[in-house]
Amino acid sequence: MAIESNFIKTIMEEDLASGKVEGIITRFPPEPNAYLHIGHARAIITNFELAKIFDGKTNLRFDDTNPVKEDASFVEAIKEDIAWLGYHPEAIYFGSDYFEETYRYAVKLIKKGLAYVCDLSQAEVSQYRGTLTEPGKESPYRNRSIDENLALFEAMKSGKFPDGSKTLRAKIDMASPNINMRDPVIYRIIHIIHHNTGDRWCIYPMYDFAHPLQDAIEGVTHSLCSLEYVDHRVLYDWFIEHCETPHIPHQYEFGRLNIPQTIMSKRYLKQLVDSHVVKGYDDPRMPTLAGFRRRGYTPEAIKDFVLGTGLSRINSTASIDMLENALRNDLIQATKRVHAIIDPLKVTITNYPEGELETMNVANNQDNEALGDRTLPFGRNLLIERADFSPEKPDKHWKRLSVGLEVRLMHAYFIHCHDVAYDASGQIQEIFCTYDVNTRSGSGFNARKPNGTIHFVEATTAVPATFNLFEPLLLEGNEELPLIERVNPHSWNVAQGYVEPALEHASIGERFQFVRNGYFAVDYDTLDHHLIFNRIVELKAGKGS
RNA sequence: UGGGCUAUGGCCAAGUGGUUAAGGCAUCGGAUUCUGACUCCGAGACCGAAGGUUCGAAUCCUUCUAGCCCUGCCA
């Protein structure tokens, strides 16, 4: 799927046409303080796809200007997720690579009388800032001389002052209705080891100051970000203008993409991991890209979802159906369609000779010859899905097996049920059927129509398997409750069942359509010849079910 | 009257003055089917509200309403 038309694409086309820019350069700038989640996919895909359309470039830039929150381990995880999505950045940068340059721009602002060292405490700065409806007051340190500011800033840089004792602030307008313009702090003192620059620096630029400069340094033409930065754009432009960067980038904002009941906040994701509600950021129930990957989602599906969802200046909430539909669309042509019985019910074919077995040759995917074919055993002892049998036909829409009814076993024969055995507790233990030799799959038999088609597995050759039927972690219930209590506690259900022998050597990560049971992927934790499958997504329900 | 952003069918979303307002998801009918899957037909909005400009407006203007963002030395 290609990117749909959207307002940013239009802007780029116009900029190119008018000669405002010569080429498109975008960037994806994550802060390395958590794993990427499905919400980030929109930003990643938008930046890369847009640049691709115009034969431009996209950088990956780690926005690491706050060493107290960031960690090198996240850098690797983020790189991996982006590569998984199929994107290869033109270059990988760190905001911290530009600390020297950023510092020089700060000095430049001081020299122009546009920045000053402020001794106000954090609380005082907050007080002086005013409120949403009242203007702020100017800092008493606002009019220090340029020389004094230069000396003080130099001293800040060389570690003469403790954390929080001083800041460098841009001198703009304490009465601005836009609070971001009320002399924003642009440098703060933090004595800590930075994951990239070690102890070389003890002053760190703020996002608002660093980001436009990073964009300028890299030659970014269209700096895309989310809606909450709209109010920051004037500041962005102010820094670009007054720092007189050789290159002038522009910021454009778009809305975030949410999924209902899904946790889309780094803070909460961290909480789930730290509290062991999940087994890690890549737990298959997590809405992280790593979680989706582990669960068996394909990057193509995520891309199609994001692209199909479009882009606008609205924070939108796309239904999970869209994501699942994108996944099914990808999987339906890419996966082998095989048989698995998740909740087995014994079937004995009473007129089939004991001890005999025959095999059916079946295509792995009737719509994709490239997937080859396999053999499927058939014999006297079979297993079918418990839900595919009812002692009596429940209603006229029933298209499965009942006593007195005949159904087709997919890729095999018609069977007719004539008896049911119950155990002591009244549960159905086993059913007895006869088969019709003339109805063998592929024989072209069409003398009569079966009541439906169900799938099966031959009991003596079937391979035991464990099915993880988990649901993604969803938030439910009272929004007042703590997050941990709102997470669906039964999100990981396990079933023991069987798969056909062809799957015995399935490889980790391989995906299948289990006919009538949905799509599954072989999980990482394959144990002792015992296959484990994660359910990725269910088949569409269809009418009457 | 702090500032900013947004408002198109259940959910996304094209559309930037001119035929019956694209498309996807979901839903509901129907056909087909060796998966009740897939596929294939068919069905739905007068564009937040009210005015106004215009021969003509979802697209321009006015007013109103609703939602979201902003008072980190976070990003």
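Naming: A, B, ... by sequence-line order, numbering from 1 per chain. Predicted model only: the values in this text are computed from it and were never measured.
Listed nucleotides: rA13(B), rC74(B), rG72(B). Nearest to the side chain of S126(A): rG72(B). The side chain of R400(A) lies closest to rG36(B) when the candidates are rG2(B), rG36(B), rC34(B). Closest approach to the Y229(A) side chain among rG2(B), rA75(B), rC34(B) is made by rA75(B) (side chain taken as heavy atoms from C-beta onward). Closest to the side chain of S5(A), out of rU35(B), rC70(B), rA14(B), is rA14(B). Side-chain atoms of N6(A) lie closest to rA14(B) of the nucleotides rC34(B), rC68(B), rA14(B). Closest to the side chain of D321(A), out of rC73(B), rA26(B), rG2(B), is rA26(B). For T131(A), the listed nucleotide lying nearest its side chain is rU71(B); candidates were rU71(B), rA75(B), rG4(B). The side chain of R188(A) lies closest to rA75(B), out of rA75(B), rC12(B), rU35(B). Among rU35(B), rU71(B), rC34(B), the nucleotide with an atom closest to any side-chain atom of R516(A) is rU35(B). Of the candidates rC34(B), rG36(B), rC12(B), the closest approach to any side-chain atom of S316(A) belongs to rC12(B).
Straight-line distance from the CZ atom of R27(A) to the P atom of rA75(B): 15 Å, rounded to whole Å. As a whole-Å value, the separation of N365(A) CG from rU35(B) C1' is 12 Å. In this structure, the CD1 atom of I454(A) is 17 Å from the C1' atom of rU33(B), given to the nearest Å. Atom CG of L323(A) and atom P of rG24(B) are 18 Å apart (whole Å). When the P atom of rC70(B) is taken as reference, atom CD1 of I172(A) falls 19 Å away, rounded to whole Å. Remark: C1' of rC12(B) and CZ of F305(A) are 9 Å apart, rounded to the nearest angstrom.
Taking atom P on both nucleotides, rU62(B) is separated from rU53(B) by 15 Å, rounded to a whole Å. Between rU59(B) and rC47(B), the two P atoms lie 9 Å apart (nearest whole Å). rU27(B) and rC68(B): their C1' atoms are spaced 29 Å apart (whole Å). Spacing of C1' atoms, rG3(B) relative to rC61(B), comes out at 23 Å, to the nearest Å. Using atom C1' as the reference point in both rG15(B) and rA57(B), the two lie 12 Å apart (nearest Å). Rounded to whole Å, the separation between the C1' atoms of rG9(B) and rC5(B) comes to 24 Å. rC12(B) sits 26 Å from rG17(B) when the P atoms are compared, rounded to a whole Å. Rounded to whole Å, the P atom of rU39(B) lies 10 Å from the corresponding atom of rA26(B).
K393(A) has its side chain within reach of N451(A): a pair of non-hydrogen atoms, C-beta onward, lies under 4.5 Å apart.
Considering all non-hydrogen atoms of both residues, H40(A) and Y35(A) come closest at CE1-O, 4.2 Å.
Side-chain N/O atoms of K540(A) include one lying less than 4.0 angstrom from OP1 or OP2 on rC38(B). Between R328(A) and rC38(B) there is no side-chain N or O to OP1 or OP2 distance below 4.0 Å. Phosphate proximity of rC34(B) to S441(A): absent, as no side-chain N or O sits under 4.0 Å from OP1 or OP2.
Residues forming a ring-ring contact (aromatic ring centres under 6.0 Å, His included) with Y204(A) (at least two apart in sequence, or on another chain): F99(A), H194(A).
Applying the Watson-Crick and G-U wobble criteria (two distances, each under 3.5 Å), rU20(B) pairs with nothing in any strand. The pairing partner recorded for rU39(B) is rA31(B), the criterion being a Watson-Crick or G-U wobble arrangement whose two distances lie under 3.5 angstrom. When both distances must be under 3.5 Å, the Watson-Crick or G-U wobble mate of rC64(B) is rG48(B). For rG9(B), there is no paired nucleotide, since no Watson-Crick or G-U wobble pair has both relevant distances below 3.5 Å. Within the shown strands, nothing qualifies as a pairing partner of rG56(B) under the Watson-Crick or G-U definition with both distances less than 3.5 Å. In this structure, rA26(B) makes no Watson-Crick or G-U wobble pair, since no nucleotide meets both defining distances under 3.5 angstrom.
Donor-acceptor pairing under 3.5 Å, judged by distance alone, is absent between the side chain of N178(A) and the base of rG4(B). For E134(A) against rU71(B), no side-chain N or O and base N or O form a donor-acceptor pair under 3.5 Å.
Using a 3.5 Å distance cut-off with no hydrogens or angles, the side chains of H455(A) and R337(A) do not pair a donor with an acceptor. In summary, the side chains of S96(A) and D64(A) do present a donor paired with an acceptor at a separation below 3.5 Å, with no hydrogens or angles considered. Looking at R256(A) and N315(A), their side chains never bring a donor and an acceptor atom within 3.5 Å of each other.
Within 4.0 Å (heavy atoms only), H411(A) reaches at least one base atom of the nucleic acid. Q122(A) comes within 4.0 angstrom of a base, heavy atoms only.
Note: Y105(A) OH to F209(A) CZ = 9.0 Å, rounded to the nearest 0.5 Å.
Along RNA chain B, the nucleotide closest to T65(A) and the one closest to E4(A) are compared, and the more 5′ of them pairs with E4(A).
Comment: R516(A) does not engage E385(A) in a salt bridge, judged by the lack of any side-chain N to carboxylate O separation of less than 4.0 angstrom. A salt bridge is defined here as a Lys NZ or Arg NE, NH1 or NH2 lying under 4.0 Å from an Asp or Glu carboxylate O, and R27(A) with E218(A) fails to meet this definition.
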| request: Summarise protein proximity over nucleotides 5-11 of chain B in one line of letters, 5' to 3': B for base, S for sugar-phosphate only, - for none, counting protein heavy atoms closer than 4.0 Å. | output: SSSS--B

| message | Run S158(A) and K160(A) through side chain to side chain donor-acceptor pair (under 3.5 Å) and show every step you take. | response | CA-CA 6 Å; S158(A) 53; K160(A) 300 271 189 339; 3.2 Å; yes

